[in-house]
Amino acid sequence: MKQLNSEQLRSLYLEFFKNHGHSVIQSASLIPENDPTVLFTTAGMHPLVPYLLGEKHPEGTRLTDVQKCVRTGDIDEVGDNSHCTFFEMLGNWSLGDYFKKEAISWSYEFLTSEKYLGIPVEKLAVSVFAGDETAPRDEESAAIWEGCGIPKDAIFFLPRANNWWGPAGITGPCGPDTEMFIDTGKPKCCDTCSPACDCGKYLEIWNDVFMQYFKNAEGGFEPLKQKNVDTGMGLERTLCILTGKNSVYETDLFTAARAKIEELTGKSYGESAEVTKAFRIILDHMRTATFMLGDRKGITPSNVDQGYVLRRIIRRAVRFGRQIDLPEGSLGEISSCYIEKYATVYPELVENREKILTELKKEEDKFSKTLKSGLKEFERTISRLQGTVIDGVTAFRLYDTFGFPVEITEELAKEKGLTVDTEGFKACFAEHQAKSAAGSEQRFKCGLADNQEGTTRLHTATHLLHAALRKILSPDCAQRGSNITPERLRFDFNFGRPMTKEEISAVEDYVNEAIAANVPVDLAEMTVEEAKAQGAIGLFESKYGEKVKVYTIGTYSKEICGGPHASNTGELGKFVITKEQSSSSGVRRIKAELRYE
Ligand code: SER
């Protein structure tokens, strides 16, 4: 495999596709123009949606680029080897031009040719769509891969959860895909080990999507006017794999910023797990903040939408900075390393240098003033806490008075084995908002007070999941955390071992049975004692005699909760668990979606 640096990988990719008749286009802004359902550009195809739908692109029907992207869904996993909130995606597109044959053959050539990545064919594995009611089994792609030289046993047919991509937001173009993996040579983890496994044997490197469908607002799939190809290769991850590094943070993209943090703190990256995690969080978050502030449609920290996400990541970087003695006021020095590193590819960072540095300083100053007293307040709270849940009023005070984004409070709580009553926080937030004159203008995204239909339905699905886990695994299973975006739910619960495949299916079946039963979701207000007497589950943190809301879903679930919920389970799509993994010791994490097809 070639030992490439980031500059070489970008240019090789663009050169390859240019030689195959593609026009090289500029990266679009991080702020999407065409999709009000997401806050940031999350993939290379995102700015190209109108053209995938049939509009004519001025540069023709074959395009290639390097697109800056932000995905914050897994922000709390940043700190491990591979998660980043900002990343670059190398991509090539056919807008109704070539299709599977060319896309796959070129992917193969780029990956294996000595002139390009030079990956030995025996180190490659691919997956193709196994087929379902929306689209057929992709024998065609499998045959093309075989024709290229990929042996049959390195071609895996996988279901929709693995081999279907999109849409980027709630609606938009999507389709089956074929993904490419490096086989690390590790032994198979089990008989059915495949690229769908996250055991670490297979590392994903590239994705070719055959974009032929449009998912509409009702959740239906309509054929697109034209058949497109959309491919995406993560720059950081590919560099990491090619250079044999342990983590994306060890690639050349981060070298200067990492050395700067070492110089500023006197600590070494890698000296302990805790220090490494703090380094990675600061490295990631400062890079993302630099790109958000330096974007041509640049944003500034605020309490809503994109500005809120930016505020949250800067403040999180400040908090982890304190842990490794990063001197106050030094975020700008780290950011400057990125401005230099990316200057030729993203000149907007250089053009906006002053703005980036000024805004970082302002936000850091603001938060530094309250961080110390907020942390004291947090410590005081937990020293008095009875039980394991920090109430919404306290979380709201930390937010309102001390500038702690609720996610920071949740993270601090988690470090102490506690949780936060986010429903209670939302209620306080909503109350405060109603009182505030400017409140009517405000929106609070990122899963907070987000009453979009998709989120509400996933909330109802979360109750069903909670009930299913107690029924199928153990009546002792209880919620340890929950986070819902319009696309997926994430649910943490106590359980001491990985779930088996059979248990996962049984849980899915239980939830889908409740959905098929088309039962109403009933709301009743009662005292905590009445709720308990009726066998409701949920957090019994309210005081004696206090009224709580109880949501009942037929005979399937009864749970104390602030809502809102779908009015009938029939509104929910098909419930699919996409991941079951460890969250922390004794706590498992499930990610699941509702699919409408
Ligand atoms: N849109 C696909 C992805 O994000 C391919 O670019 O993986």
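Order of listing sets the numbers, starting from 1, for every ligand and every atom in it.
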Checklist entry - Okay, side chain of Asn512, backbone of Glu508: is any donor-acceptor separation there less than 3.5 Å? => result yes
Next on the checklist: My understanding is that only residues two or more places apart in sequence, or in another chain, count here; which of them pass ring-ring contact (aromatic ring centres under 6.0 Å, His included) with Phe181?
Outcome noted: none
Checklist outcome for this item: Exactly one of Lys591, Arg589, Arg588 clears salt bridge (Lys or Arg N to Asp or Glu O under 4.0 Å) with Glu580, and that residue is Arg588
Checklist entry - Measuring from Arg316:CZ to Ile282:CD1, what's the distance to the nearest 0.5 Å? => result 10.5 Å
Using a cut-off of under 3.5 Å, which N/O atoms of ligand 1 pair up with protein N/O atoms, and what distance separates each pair?
from     : atom 1 : to     : atom 2 : distance (Å)
ligand 1 : 1 (N)  : Asp230 : OD2    : 2.8
ligand 1 : 4 (O)  : Arg71  : NH2    : 3.3
ligand 1 : 4 (O)  : Trp165 : NE1    : 3.3
ligand 1 : 6 (O)  : Asp230 : OD1    : 3.1
ligand 1 : 6 (O)  : Thr231 : O      : 3.2
ligand 1 : 6 (O)  : Gly232 : N      : 3.1
ligand 1 : 7 (O)  : Trp165 : NE1    : 3.4
ligand 1 : 7 (O)  : Asn207 : ND2    : 3.1

Item to check | Phe221 ring center near Phe214 ring center (under 6.0 Å) | outcome: no
Next on the checklist: Quick check on the 6.0 Å ring-centre criterion: do His22 and Tyr98 meet it?
Outcome noted: yes
